[in-house]
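A quick note: this is a predicted structure, and the numbers were derived from the prediction, not measured.
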Amino acid sequence: MSMNTSTSSNNLIQLGYNNMSDYEQKGSATINLGYSSRKVARRLINICFSGEDSISFKSVKLVAVPFNRSYETKIHRLQNQGLKKLKVTNNTVSGVSTTKQNAILTTSIPYSTGWHLTVDGKATPTQKVNTGFVGASVKGGTHRIKLTYETPGLAVGKWLTRIGGVIFIGIFLAETVLVILRKRRPDNQRKRH
């Protein structure tokens, strides 16, 4: 399905059910056709379907969101609530959060159980926000936020590697001692005869 206006276009693709590696049935979709101004108002949206014999809809909605002064004020307020003194390294994101009321920390970091959050040095649970990103509930006020990533299972893997190394060294030493003892044993038996 493709949608076109005088100033923009967008596509929605539903792969066939026989496409085993990428098939995911779409029961609903939101299609963004970008911004429009009063100078270039959109009066017509063309929707074209290709590759289908029949299509049915339970409902179709066209939503136009006005971006007026109120919208801009809310957006600026949200932007000002973002982390200040932001520092990003390979596996850490930190900064200072200041809000007047309780809020949801929202990131663009893909959600994984490997992300761990501390707020003012105290462990705080993370949650999935906006369908698939790392987020958390944060109380109002000023807080030091630190997100640290550790690959899930890495600590267990390190311990298993250490244990395996100790076992390997133990077996190697035991085998070495046995070889030495075997070499000495025939010499001891010859001296006795």
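Each of I104 and V96 belongs to its own hydrophobic cluster when Ile, Leu, Val, Met, Phe, Trp and Tyr are linked at side-chain heavy-atom distances under 4.5 angstrom. Hydrophobic clustering of Ile, Leu, Val, Met, Phe, Trp and Tyr side chains at less than 4.5 Å, counting indirect connections, keeps I109 apart from L154. A continuous path of ILVMFWY side-chain contacts below 4.5 Å connects Y111 to V88, so both sit in one hydrophobic cluster.
Summarising the geometry of P125 relative to A136, their closest heavy-atom pair is O-CB, 3.7 Å, with the distance given to 0.1 Å.
Atoms CG and CE, from N10 and M3 in turn, are 5.0 Å apart once rounded to the nearest 0.5 Å. I171 CD1 to T176 OG1: the interatomic distance, rounded to the nearest 0.5 Å, is 11.5 Å. Remark: I167 CD1 to L160 CG distance equals 9.5 Å, nearest 0.5 Å. For the atom pair N11 CG and C48 SG, the distance stands at 10.0 Å (nearest 0.5 Å).
The shortest side-chain heavy-atom distance between S2 and S9 does not fall under the 4.5 Å cut-off. With a 4.5 Å cut-off on side-chain heavy atoms, L147 and T126 count as touching. At least one side-chain heavy atom of L83 sits less than 4.5 Å from a side-chain heavy atom of I145. Inter-residue side-chain proximity for W115 and Y149 is flagged as met; some heavy-atom pair is nearer than 4.5 Å.
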Would you sort out whether K146 and T92 count as a side chain to side chain contact (heavy atoms under 4.5 Å, CB included), showing the intermediate values? CA-CA 7 Å; K146 186 173 183 182; T92 304; 3.6 Å; yes
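Listed for the T124 side chain is a donor-acceptor partner under 3.5 Å among the backbone atoms of K122.
Shown here is K84, whose NZ atom has more than 12 heavy atoms of other residues, nucleotides or ligands within 6.0 Å.
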